[in-house]
Amino acid sequence: MSKKTLTITDNRNGNLYEFDIKKGSCGPDVADLTSFYEKTGMFVYDPGFKSTASCSSEITFIDGEKGVLLHRGYEIEELAEKSDYYEVCYLLLNGDLPDNKNKEKFINILTHHTMLHEQIQRFYSGFRRDSHPMAVMVGIVGALSSFYPEKTYDFSSEKGKWVAVSRLLAKIPTMAAMAYKYSLGQPFIYPKNNLSYSENFLHMLFSTPCGEYKPSKASIDALDKLLILHADHEQNASTSTVKIAGSSGANPFACVAAGVASLWGPAHGGANESVIRMLNIIEHEQHINKFLKKAKDPSDPFRLMGFGHRVYKSHDPRANVLRKYCHNLLKEVDNFNVPLFKLATKLEEIALNDDYFIKKQLYPNVDFYSGIILKALGLPESMFTVIFAVARTVGWISQWKEMTESDNRISRPRQLYNGKKTRKFVKINDRKSKHELFLDYNQ
Ligand code: CMC
């Protein structure tokens, strides 16, 4: 079969340039432009990476048009229904689902590294009591790098990589739960190694020294499914951040702290928070139609939070699964009678049957249900992105590991420079400033 190539014509001079086309196992082909600058003397301009495949990966595949999400070839719906978070972590990291022996070994490793060094605990008291828990998470995850330094751990070796993987996965729920407890002023609750990942996480979040929290099956299931459904999502902003940081050979704990920072933004991990904020604004079922009208009005910036998706254009496969567990949770703890959740289910029902939303294919996305689940579990909105970070840690570290095992070069994008050309230096007494300095002493 002849080699597939892409030919680009430079209309300024008629020069032709040929580039190889690479075929993946699924999804669009890619034009290999690694030699673009060398051949043409030009850079490729793609802000926001809308047309850029930044790497080759075997971990996750998304087909947004068809609403498909595969991890290592398995459909997310099947993984969520038939496996648990441990198995999905193992799968993302190793490429296959574990057999019984390997699953037991994996669980054993994770459960025996759940505690934090006592010295790390003291870091928490350095944060303001009213800090956003994501601010605490950026600091604490980054601080782990001082407990796992390069002089002791060779993170380029297989053994070193697994130290980073196992410690991060085991300790991230502990760090997250402590960030929550700190915000409440309650004592930290130590992990319990006889509990499953999700059950232990709920225990550390909600138990107190005065009373043990016994989560319902629906709560454990809902959290476990939520963790599975947020475990990885291809080369998104936070994953790319972890990989760009890691491409320089930086400590993996510091790289994951960079991922936590990237996730924090409202355009990424913060959407489920805005679902609850929106429900609070709508306030009552009677107001739904008024807000639907606003959402449909192109001159009104109001949008239904938790509806629509940039990549999934037919449906969000994660939302379909989470919807079921969300409804189970609301049923079991009789939350359907709590006004906020009653309002959410009514809004879901009305929007799903509304012509505008049907025509534009705007259906509830994963954040609609994760926001409601986390609220029903009793967490404040400020913790929602933290829970997302716990779930996504496995995606970050799997993609980091894959990158370090491939032909990795430091990520170093170029730019279209639009600033001043070379100009002469002017001595301070000869300068006339055009700008007032914005900052003053009080800012
Ligand atoms: N409510 C009302 N109208 C909407 C909404 C919405 N939530 N989403 C899109 N539309 C309309 C939009 O006004 C536009 O109408 P028109 O064709 O008349 O201009 C049309 O649908 C297409 O919208 P778009 O903005 O071009 O679509 P997009 O792909 O750029 O936006 C989105 C995707 C997720 C930013 C958007 O749907 C949105 O703002 N949704 C609400 C916020 C939200 O739930 N975000 C979480 C997404 S899931 C995140 C994750 O996977 O981690």
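Whatever order the structure lists ligands and atoms in, that order sets their numbers, starting from 1.
In summary, the atoms of ligand 1 found under 4.0 Å from a heavy atom of A271, numbered by their order in the structure, are 45 (N), 46 (C). Heavy-atom contacts of G306 reach the following atoms of ligand 1: 43 (C), 44 (O) (cutoff under 4.0 Å).
Among protein heavy atoms, the minimum distance from atom 17 (O) of ligand 1 is reached at K360 NZ, 3.1 Å. Nearest to atom 9 (C) of ligand 1 among the protein's heavy atoms is L362 CD2, 3.5 Å. At the shortest separation from atom 29 (O) of ligand 1 among protein heavy atoms lies K313 NZ, 2.9 Å. For atom 7 (N) of ligand 1, the closest non-hydrogen atom of the protein is L304 O, 2.7 Å. Ranking the protein heavy atoms by distance from atom 11 (C) of ligand 1 puts Y356 OH, 3.7 Å first. At the shortest separation from atom 2 (C) of ligand 1 among protein heavy atoms lies A295 O, 3.5 Å.
Between D232 and the choices Q399, R72, R392, the side-chain hydrogen bond (donor to acceptor under 3.5 Å, both in side chains) rule is met once, by Q399.
Inspection of the E332 and S216 side chains reveals an N or O donor paired with an N or O acceptor under 3.5 Å. Between the side chains of S262 and T241, at least one donor N or O lies within less than 3.5 Å of an accepting N or O.
The shortest side-chain heavy-atom distance between L223 and I373 does not fall under the 4.5 Å cut-off. Between Y45 and P47, some side-chain heavy-atom pair lies under the 4.5 Å cut-off.
Between Y312 and H309, the two ring planes are tilted [angle within 30° to 60°]. Using bins of under 30°, 30° to 60° and over 60° for the plane-to-plane angle, the ring pair H268/F388 lands in the perpendicular bin. Aromatic ring orientation, F206 versus Y213: tilted (interplanar angle from 30° to 60°).
The proximity of Y312 to ligand 1, defined as any non-hydrogen pair under 4.0 Å, does not occur for either the backbone or the side chain. With a heavy-atom cut-off of 4.0 Å, H309 touches ligand 1 through backbone and side chain alike. Counting heavy atoms closer than 4.0 Å to ligand 1, residue H230 contributes nothing at all. Under 4.0 Å from ligand 1, not a single heavy atom of D316 appears. By the criterion of a heavy-atom distance under 4.0 Å, neither the backbone nor the side chain of R392 is placed next to ligand 1.
With hydrogens and angles disregarded, a donor-acceptor distance shorter than 3.5 Å links the side chain of Y85 to the backbone of A391.
Distance check on atom 22 (C) of ligand 1: every protein heavy atom falls at or beyond the 4.0 Å cut-off. Distance remark: protein heavy atom present below 4.0 angstrom from atom 40 (N) of ligand 1. For atom 19 (O) of ligand 1, the nearest protein heavy atom lies 4.0 Å away or farther.
With respect to the salt-bridge test (charged N to carboxylate O, under 4.0 angstrom), the residues K375 and E273 do not qualify. Ion pairing between E348 and R323 holds under the 4.0 Å rule for side-chain N and carboxylate O. Salt bridge present: E212 and K192 bring a charged side-chain N and a carboxylate O closer than 4.0 Å. Salt-bridge formation is detected for the pair E349/K346: a Lys NZ or Arg NE/NH1/NH2 atom is positioned less than 4.0 Å from an Asp or Glu carboxylate oxygen.
At least one heavy atom of R318 sits less than 4.0 Å from an atom of ligand 1. Heavy atoms of N365 come nearer than 4.0 angstrom to ligand 1 in at least one pair. Ligand 1 is never approached by F368 to a heavy-atom distance shorter than 4.0 Å.
Taking each of N272, L229, D367 in turn, the one with a heavy atom nearest to atom 49 (C) of ligand 1 proves to be D367. The residue among K294, M278, R303 with a heavy atom at the shortest distance from atom 12 (C) of ligand 1 is R303.
Considering backbone and side-chain N/O of M305, none are found under 3.5 Å from N/O of ligand 1. Of the N or O atoms in F357, none lie within a sub-3.5 Å distance of an N or O in ligand 1. On a distance-only criterion, R310 and ligand 1 share at least one N/O pair closer than 3.5 Å. Close N/O approach between F307 and ligand 1 is found [any backbone or side-chain N/O within under 3.5 Å]. The N/O atoms of H233, backbone and side chain alike, include none that comes under 3.5 Å of an N/O atom in ligand 1.
Residues F43 and F36 place their aromatic rings such that the two centres sit no closer than 6.0 Å.
Figure legend: cation-pi geometry between R129 and Y182, with NZ or CZ positioned under 6.0 Å from the six-membered ring centre and within 45° of its axis.
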